[in-house]
Every structure is written in structure tokens, then in C-alpha cells.
Amino acid sequence: FPSPAEDFFREDDRLDLNEKLIANPPATFLVQADCGGSMVDFGIHDGDLLIVDRSISPRPGHTVVVLWEGGFVCKKLYVRGKQIVLASSEGHQSIFVPEDVELDIWGVVRSSVHFHV
């Protein structure tokens with residue numbers, strides 16, 4: 001059956017998600033969020049698709065994917081004085097990175113896709 005939207009569709013209306021979501025394809029990977037609810041205050045829910053860019057230099061305020069104690073975590077990056085803090089949603093413990101520990105940041109979350117069904 002023809003679509004009622006056909007009359008309004010033009011060729012330049014095409015939406016390329018790669019173009020919209022991925023700025024640097026060789027440095028980008030996708031990961032499914034499994035944060036145990038610890039990132040809900042930052043708009044990331046369990047099951048969301050995270051678009052992570054390794055070419056972005058992480059700065060305070062960025063959401064990052066970090067290798068921490070043998071596993072990957074997604075947290076909000078902050079710096080308090082000389083202390084690096086990986087923040088979580090209210091009700092979840094943030095991670096205070098000891099000064100003598102080098103943080104292994106795998107990339108910055110550029111965007112996320114939330115599934116509703």
C-alpha cells in the first residue's frame with residue numbers, strides 16, 4: 001500500500017543515522033548500557049545503545065566508558081581539585097579514583113539511543 005507520507009517525501013529528506021550519530025567511524029564503537037540504573041539521572045537507561053567515540057578527549061562533564069576494576073562502567077566524569085570522580089545517579093555510589101591510579105578511559109559517550117518497546 002502506498003504511504004500517506006509519499007506526497008511529502010523528497011530525496012533530501014532521507015535520514016542517515018550513521019551521518020547523524022557517528023562523527024569518526026574508525027574511532028567509534030557501540031555498546032549496550034547495563035548500568036544497574038546508576039545513570040538514569042543523566043538520561044542513560046539499561047538497554048540503551050551508547051555511541052562511544054575514542055577520538056574525543058574526555059573533559060569534566062563528559063559521560064565516559066571506563067575500564068574499572070576489571071569491568072566496564074559508564075559514568076559522568078568530574079574533577080574535584082585533584083580528585084577524579086566518576087559520578088552516578090542519586091542513590092548510587094560515585095567512584096572516587098585514588099590519585100595514584102591511572103584511569104583507563106575507553107571513550108566518550110557521544111550519544112545514546114533509548115528504546116521504548
Side-chain angles (χ1 to χ4, degrees):
F1 297 100
S3 167
E6 259 181 15
D7 295 339
F8 304 103
F9 181 77
R10 298 180 317 225
E11 189 61 33
D12 59 335
D13 288 334
R14 290 196 184 279
L15 179 63
D16 182 352
L17 292 179
N18 288 316
E19 182 181 302
K20 295 285 184 192
L21 299 175
I22 300 174
N24 188 351
T28 300
F29 66 95
L30 306 177
V31 64
Q32 190 169 23
D34 183 12
C35 304
S38 70
M39 291 298 289
V40 171
D41 290 352
F42 304 112
I44 296 174
H45 302 265
D46 288 347
D48 285 357
L49 184 64
L50 306 180
I51 295 90
V52 183
D53 191 329
R54 291 184 59 103
S55 70
I56 298 173
S57 295
R59 295 192 322 252
H62 280 165
T63 301
V64 293
V65 173
V66 176
L67 183 59
W68 183 255
E69 295 184 346
F72 291 100
V73 295
C74 176
K75 300 291 179 197
K76 192 68 105 163
L77 177 68
Y78 292 108
V79 178
R80 306 263 192 271
K82 292 184 178 184
Q83 176 94 61
I84 295 174
V85 179
L86 300 173
S88 295
S89 294
E90 190 175 327
H92 294 269
Q93 265 193 323
S94 295
I95 298 170
F96 295 87
V97 180
E99 287 186 36
D100 61 339
V101 172
E102 186 175 333
L103 192 60
D104 191 3
I105 298 176
W106 275 56
V108 173
V109 176
R110 184 172 160 72
S111 54
S112 64
V113 177
H114 180 71
F115 299 95
H116 294 270
V117 198

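Applying the ring-ring contact (aromatic ring centres under 6.0 Å, His included) rule to pairs touching residues 22-42 yields nothing, sequence neighbours excluded. Every pair passing ring-ring contact (aromatic ring centres under 6.0 Å, His included) that includes a residue from residues 95-117 is listed here, sequence neighbours excluded: His45-His114, Phe72-Trp106, His114-His116. The side chain to side chain donor-acceptor pair (under 3.5 Å) pairs that include a residue from residues 84-94 are Lys75-Ser88, where partners are two or more places apart or lie in different chains.
Heavy-atom minimum distance, Gln83 versus Val97: NE2-O, 2.6 Å. The minimum heavy-atom distance linking Asp46 with Cys35 is given by the pair OD1-N, 2.7 Å.
With sequence neighbours left out, Asn18 forms a side-chain contact (heavy atoms from CB on, under 4.5 Å) with Asp16, Ile22. Among residues two or more places apart in sequence or in another chain, the side-chain contact (heavy atoms from CB on, under 4.5 Å) test is passed with Pro26 by Asn24.
We find the CD-CD1 distance between Glu99 and Ile84 to be 9.0 Å, quoted to the nearest 0.5 Å. Atom CG of Leu49 and atom CD1 of Ile44 lie 11.0 Å apart (nearest 0.5 Å). Asp48 CG to Ile51 CD1: the interatomic distance, rounded to the nearest 0.5 Å, is 9.5 Å. In this structure, CG in Leu21 is found 9.0 Å from CG in Leu30, a value given to the nearest 0.5 Å.
Residues Leu103 and Val101 are not in side-chain contact: their nearest non-hydrogen atoms beyond the backbone lie 4.5 Å or more apart.
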Practice prompt. Test Val85 against Ile95 for side chain to side chain contact (heavy atoms under 4.5 Å, CB included), laying out the working first.
Written response: CA-CA 6 Å; Val85 179; Ile95 298 170; over 6 Å; no
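Under the 4.5 Å side-chain contact rule for hydrophobic residues, Val73 and Ile56 share a cluster. Cluster annotation: Val109 and Leu86 are assigned to distinct hydrophobic clusters (Ile/Leu/Val/Met/Phe/Trp/Tyr, side-chain heavy-atom contacts under 4.5 Å, transitive).
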I'd like a table of donor-acceptor pairs (distance under 3.5 Å, sequence neighbours excluded) in which one partner is a side-chain atom from residues 57-69, with atom names and distances.
residue: His62; atom: ND1; partner: Arg59; partner atom: N; Å: 3.0
residue: Thr63; atom: OG1; partner: Lys76; partner atom: NZ; Å: 3.4

